[in-house]
Amino acid sequence: MDIQEEIKRRRTFAIISHPDAGKTTLTEKLLLFGGAIQIAGAVKSNKIKHSTTSDFMEIEKQRGISVATSVMGFEYNDLKINILDTPGHKDFAEDTFRTLTAVDSVIVVIDVAKGVETQTEKLVEVCRMRDTPVIVFINKMDRDGKDGFSLLDEVEQKLKLKACPLSWPIGMGPDFKGVYSLYKKELLLFRPHSKQSEEEDIIRITDLSSEELEHHVGERLAKELREEVNMVEEVYDPFDKNKYLDGQLSPVFFGSAINNFGVKELLDCFTDIAPYPQPVPAEEREIDPFEKKFSGFVFKIHANIDPNHRNRIAFVRVCSGLFQRNTNYLHTRSGKKLKFSSPTAFMAAKKEVVEMAYPGDIVGLHDSGKFRIGDTLSEGEQLHFKGIPSFSPELFKYVENADPMKSKQLAKGIDQLMDEGLAQLFTQQINGRKIIGTVGALQFEVIQYRLKHEYGASCQYTHVNLHKACWLSSDNPKALNDFIKKKQRFMALDKHGQSVFLAESAWMLKMAQEDFPEVAFHFTSEF
Ligand code: G4P
């Protein structure tokens, strides 16, 4: 198979959801279809295994949450599918934001009873910003929940996605009979815990007025289904693949992941319509996946997976060309040539050394501290991939050295943890004090724990009253300089040396915006 065909058969995507909506269960069922795992429970038990084999994961284990983001690859219908898992915990939302920069499409899982939840809203907002194609899977249809039309309203209003139902549920909860696939025009009957790949569970009904429908789902539900499908066809636009690919239309499926119901249908449609690796914008130009020369970027750094080795793994998304083992590549930030003797690829729960990887693939590179989130590798061209911004943290604390004998270790530790994207460091211009900003409270504990266990350093936090970190821009350099001078007390530098305004309150930010109309305030480091 030539490289073009290899690229075209790749589908790299992420599953996102509010915790407990069923992301892990759905991932596992997809892997089962792909033959990547043999038994149900494998993905979960893998989660637990990680937590016992790594110090860092102890925290995760204690709290019973998944901090890790991993990659699972499998083959299905001649396609190579890469699922990028995302941490469910809200404190690690920024990890998920960054993972979304490395995928070509997304599946959103929604719990039928809970509907669209806040975490999902934020994540889908990032997808919308990037016009990422989104498919919605409404899960847990075996339980009572909201009706189909209300859920579609939520998808449209809260997620601001234009919904396009491609399946429609028949009943719900104890009454759930299955779905009618509007995509394939066939009835899928629900049998709890069936394997659902058996042909007898699928009944092809091209004409919904056929009496066969009554025979399978009973009179009441048959009538309801006909009415609802009519309404769906009247209210919602027909499916249009190009609109989906442009991020303008989102197919919606209903099912029950735990019962493996509607999952194969979702996967089959996904493999039909989801995009293969797409061009990726760099500061210099757009990089086409079919270009001959290799390029890629680091979207995630995972530390300390193996407690016997303090190394980190940098996850690189291959954007163009062929990545090859033991080949020199340019690390564009440092200008140094790097080569990798044991790049790993991820197939379900296993990881293995690979000789090569294609655009759309994720390779794990051993890193002794050279990489930072957003770093680019190329065959020599000075490229810098865009779209991996830092987001303004929500919580801030002064960080101070608690062990004067270990100040070097502390500085190194903080530097490396920030490179990993665990949190952000701001250095106040007026006094050089350092402030750590995070999305969630949990990171502060993780940082303290890791500094101690990995670097032998101790830190302590003190309170600082801050509302937001704002990156600045202006068409008028003088106005910007004026602002920075006047607000010196509130100015800091981020890790990249960019000026950041630390607003103490929403009111203070509003005043600054009013007083300096020529200065624009941004909540992300890229704008
Ligand atoms: P997450 O990764 O999004 O956090 O969710 P996860 O898959 O872990 O699922 C959360 C809970 O919802 C699990 O139950 C899971 O079994 C259940 N679940 C997933 N899909 C369905 C479904 O289609 N129907 C029903 N009724 N439940 C579903 P748990 O009790 O928290 O965990 P477990 O003990 O079952 O592992």
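Numbering of residues begins at 1 and proceeds along the displayed sequence. What's counted below: heavy atoms across the whole structure, side chains too, no hydrogens, waters or symmetry copies. Whatever order the structure lists them in is the order used to number ligands and atoms, beginning at 1. All values reported here derive from a predicted model rather than from experimental measurement.
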Novice: Select the closest option to atom 2 (O) of ligand 1 among Ile15, Thr24, Ile16, judged by heavy-atom distance.
Specialist: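 When every heavy atom of Ile15, Thr24, Ile16 is considered, Thr24 comes closest to atom 2 (O) of ligand 1.
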Novice: So for ligand 1, is Met141 a polar contact partner (N or O within less than 3.5 Å, distance only)?
Specialist: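 Met141 vs ligand 1: no N/O contact under 3.5 Å.
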Novice: Determine, for Arg317 against Asp104, whether the closest basic-nitrogen to carboxylate-oxygen distance falls under 4.0 angstrom.
Specialist: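 Salt bridge flag = yes for Asp104 with Arg317.
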Novice: Would you call the rings of Phe149 and Trp168 parallel, tilted or perpendicular if under 30° counts as parallel and over 60° as perpendicular?
Specialist: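 Ring orientation, 0 to 90° scale: tilted.
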Novice: Could you list which atoms of ligand 1 come closer than 4.0 Å to a heavy atom of Ser17?
Specialist: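 Taking each heavy atom of Ser17 in turn, ligand 1 has 3 (O) under 4.0 Å.
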Novice: Centres of the Phe13 and Phe270 rings: under 6.0 Å?
Specialist: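 Yes; Phe270 has its ring centre under 6.0 Å from that of Phe13.
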Novice: For atom 18 (N) of ligand 1, which of the options His18, Glu28, Lys140 provides the nearest non-hydrogen atom?
Specialist: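 Of the listed residues, Lys140 has the closest heavy atom.
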Novice: Which one of Lys300, Arg450, Arg372 satisfies the salt bridge (Lys or Arg N to Asp or Glu O under 4.0 Å) criterion with Glu420?
Specialist: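 Output: one option passes, namely Arg450.
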Novice: Taking NZ in Lys495 as the centre, count heavy atoms belonging to other residues, nucleotides or ligands within less than 6.0 Å. Is the count above 12?
Specialist: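 Correct, the count exceeds 12.
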Novice: Taking N or O atoms only and a 3.5 Å limit, does Ala257 qualify as a polar contact for ligand 1?
Specialist: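 Looking only at distances, the answer is yes, because the N/O contact criterion of under 3.5 Å is met.
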Novice: Just which atoms of ligand 1 are under 4.0 Å from any heavy atom in Ser256?
Specialist: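 So the answer, numbered in order with elements, is 22 (C), 23 (O), 24 (N).
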Novice: Using side-chain hydrogen bond (donor to acceptor under 3.5 Å, both in side chains) as the criterion, list what pairs up with Lys177, not counting sequence neighbours.
Specialist: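 If we apply the side-chain hydrogen bond (donor to acceptor under 3.5 Å, both in side chains) test to Lys177, skipping adjacent residues, there are no hits.
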Novice: Can you tell me which portion of Asp20 lies within the under-4.0 Å heavy-atom range of ligand 1? Options are side chain, backbone, both, or neither.
Specialist: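 For Asp20, backbone and side-chain atoms both sit under 4.0 Å from ligand 1.
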Novice: Taking heavy atoms and a distance under 4.0 Å, where does Asn139 meet ligand 1: side chain, backbone, both or neither?
Specialist: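 Answer for Asn139: side chain.
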Novice: Using heavy-atom distances, let me know which of Asp142, Ile138, Asn260 sits nearest atom 25 (C) of ligand 1.
Specialist: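 Selected option, by shortest heavy-atom distance: Asp142.
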Novice: Which class fits the ring pair Phe176 and Phe261: parallel under 30°, tilted 30 to 60°, perpendicular over 60°?
Specialist: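 Taking Phe261 first and then Phe176, their aromatic rings stand perpendicular (interplane angle over 60°).
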Novice: Under 4.0 Å, heavy-atom basis, I'd like to know which part of Arg143 is in contact with ligand 1: side chain, backbone, both or neither.
Specialist: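 The part of Arg143 near ligand 1 is the side chain, not the backbone.
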Novice: Using a 4.0 Å cutoff against the non-hydrogen atoms of Lys23, which atoms of ligand 1 qualify?
Specialist: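 Matching atoms, with element in brackets: 1 (P), 2 (O), 3 (O), 5 (O), 7 (O).
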Novice: Under a 4.0 Å heavy-atom limit, does Pro19 contact ligand 1 with its side chain, its backbone, both, or neither?
Specialist: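 Pro19 to ligand 1: backbone contact only, side chain stays beyond 4.0 Å.
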Novice: Would Asn259 count as a contact of ligand 1 if the rule is a heavy atom under 4.0 Å away?
Specialist: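 No, Asn259 has no heavy atom closer than 4.0 Å to ligand 1.
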Novice: With under 30° as parallel and over 60° as perpendicular, where do the rings of Phe340 and Phe371 fit, or are they tilted in between?
Specialist: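 Because their plane-to-plane angle is under 30°, the rings of Phe340 and Phe371 count as parallel.
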Novice: Stepwise, does the side-chain contact (heavy atoms from CB on, under 4.5 Å) test hold for Phe74 with Leu30?
Specialist: CA-CA 9 Å; Phe74 65 95; Leu30 294 175; 4.2 Å; yes
